[in-house]
Amino acid sequence: MSLESAHQRAQLWLRQARDDLKAAQVLQRAGQAAQSCFQSQQVGEKALKALLAAEDRDLRSHSLTALLKAIGGEIEEPRQRQARLLDKLYAPTRYPDALGDEVPADVFGPEDSESALQAASELLDWAANRLNKSS
């Protein structure tokens, strides 16, 4: 893949991450904390995949921590912390058997969606800035 098409592909991942962020915000305002948390995880995943897509790299992981490792280099602690927070939201926000037979809607609250949204938004900004610096 050419560098130009890899950059275009990366921009698509960023656009979708931004759209997912809007969805996460709408879900939070609607009181759908678990769903907002999952969408926030998706924001982070797609933002990091944008960085890998720009280099035509493998995008098959859903773990933000693994994606950060794949990006390589010196990754600041706040990014690692955001990745860990969002990683914890991938399955338990969607499946009742992931939480000991509790419904995610009963477990996740507004404080969870707020912290997830903040982490996702900051990770998205970081990835977008990093991508813009490399192009």
Side-chain angles (χ1 to χ4, degrees):
M1 177 180 295
S2 73
L3 187 59
E4 183 177 315
S5 59
H7 181 73
Q8 289 171 342
R9 185 172 170 221
Q11 291 302 317
L12 293 175
W13 281 96
L14 276 183
R15 281 182 55 205
Q16 188 59 51
R18 288 184 180 112
D19 190 64
D20 287 354
L21 182 62
K22 289 178 190 175
Q25 293 165 336
V26 167
L27 287 163
Q28 182 196 38
R29 287 192 298 273
Q32 300 293 306
Q35 296 301 319
S36 177
C37 287
F38 175 67
Q39 280 302 125
S40 293
Q41 185 279 338
Q42 290 290 284
V43 171
E45 182 178 333
K46 291 169 186 166
L48 296 181
K49 285 183 175 183
L51 293 172
L52 293 169
E55 297 177 358
D56 196 25
R57 306 257 309 278
D58 184 14
L59 307 177
R60 285 181 280 182
S61 180
H62 297 292
S63 166
L64 279 67
T65 303
L67 293 169
L68 276 177
K69 286 179 184 173
I71 291 165
E74 193 68 33
I75 305 292
E76 304 92 356
E77 174 55 31
R79 296 325 132 230
Q80 294 174 33
R81 190 171 47 253
Q82 291 156 349
R84 287 190 305 269
L85 183 149
L86 294 171
D87 272 343
K88 294 175 188 175
L89 302 173
Y90 183 68
T93 55
R94 299 179 292 148
Y95 303 112
D97 61 351
L99 296 167
D101 294 331
E102 291 192 64
V103 176
D106 295 339
V107 174
F108 292 92
E111 66 283 350
D112 299 308
S113 60
E114 182 61 40
S115 61
L117 274 167
Q118 182 174 348
S121 180
E122 290 175 10
L123 205 51
L124 175 57
D125 289 344
W126 173 80
N129 288 335
R130 188 171 169 141
L131 190 60
N132 288 335
K133 287 179 185 176
S134 68
S135 51

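Since the structure is predicted, the reported quantities are computational estimates derived from the model, not experimental observations.
Between Glu74 and Arg79, none of the side-chain N atoms (NZ, or NE/NH1/NH2) sits under 4.0 Å from a carboxylate O, so this pair counts as no salt bridge.
Under the side-chain contact (heavy atoms from CB on, under 4.5 Å) criterion, Gln28 pairs with Ser36, Ser113, Glu114, Leu117, sequence neighbours left out. Applying the salt bridge (Lys or Arg N to Asp or Glu O under 4.0 Å) rule to Arg15 yields no partners; only residues at least two apart in sequence or on another chain are considered. Taking the salt bridge (Lys or Arg N to Asp or Glu O under 4.0 Å) definition, one finds that Asp87 meets it with nothing, sequence neighbours left out.
A distance of 15.5 Å separates OH in Tyr95 from CG in Asp101, rounded to the nearest 0.5 Å. One distance of note links CG of Leu52 with CZ of Arg9; it measures 9.5 Å at 0.5 Å rounding. For the atom pair CG of Leu27 and CD of Gln35, the computed distance is 6.5 Å after rounding to the nearest 0.5 Å. Between the CG atom of Leu14 and the CG atom of Leu124 there is a distance of 6.5 Å, given to the nearest 0.5 Å. One finds the CD atom of Gln42 at 9.0 Å from the CG atom of Leu64 (value rounded to the nearest 0.5 Å). Rounded to the nearest 0.5 Å, atoms CG (Leu51) and CG (Leu59) are 10.5 Å apart.
Between the side chain of Asn132 and the backbone N or O of Asn129, no donor-acceptor pair lies under 3.5 Å.
Across every non-hydrogen atom of Leu131 and Ala50, the tightest pair is CD1-O, 4.3 Å. Contact record, Ala83 with Leu68: CB-CD1, 3.6 Å, taken as the closest heavy-atom pair. Across all non-hydrogen atoms, the minimal contact from Leu89 to Phe38 is O-CD1, 4.2 Å. Listed here is the closest heavy atom pair of Ala120 and Ser40: CB-O, 3.4 Å. Summarising the geometry of Pro96 relative to Val103, their closest heavy-atom pair is CB-CA, 4.5 Å, with the distance given to 0.1 Å. The two residues Glu122 and Gln82 come nearest to each other via the heavy atoms OE1-NE2, 2.6 Å.
Hydrophobic clustering, with ILVMFWY side chains joined whenever heavy atoms are under 4.5 angstrom apart, keeps Val43 apart from Leu12. No path of Ile, Leu, Val, Met, Phe, Trp and Tyr side chains, each step under 4.5 Å between heavy atoms, connects Phe108 with Val26, placing them in separate hydrophobic clusters.
You'll find the side chain of Gln41 stays beyond 4.5 Å of the side chain of Thr93, heavy atoms only. Contact of the Lys49 side chain with the His62 side chain is registered, since non-hydrogen atoms from C-beta on lie closer than 4.5 Å. Looking at heavy atoms from C-beta onward, Ile71 lies in side-chain contact with Arg130 at the 4.5 angstrom threshold. Proximity of Pro92 to Val107: side-chain heavy atoms (C-beta onward) are nowhere separated by under 4.5 Å. Looking at heavy atoms from C-beta onward, Leu86 lies out of side-chain contact with Glu45 at the 4.5 angstrom threshold.
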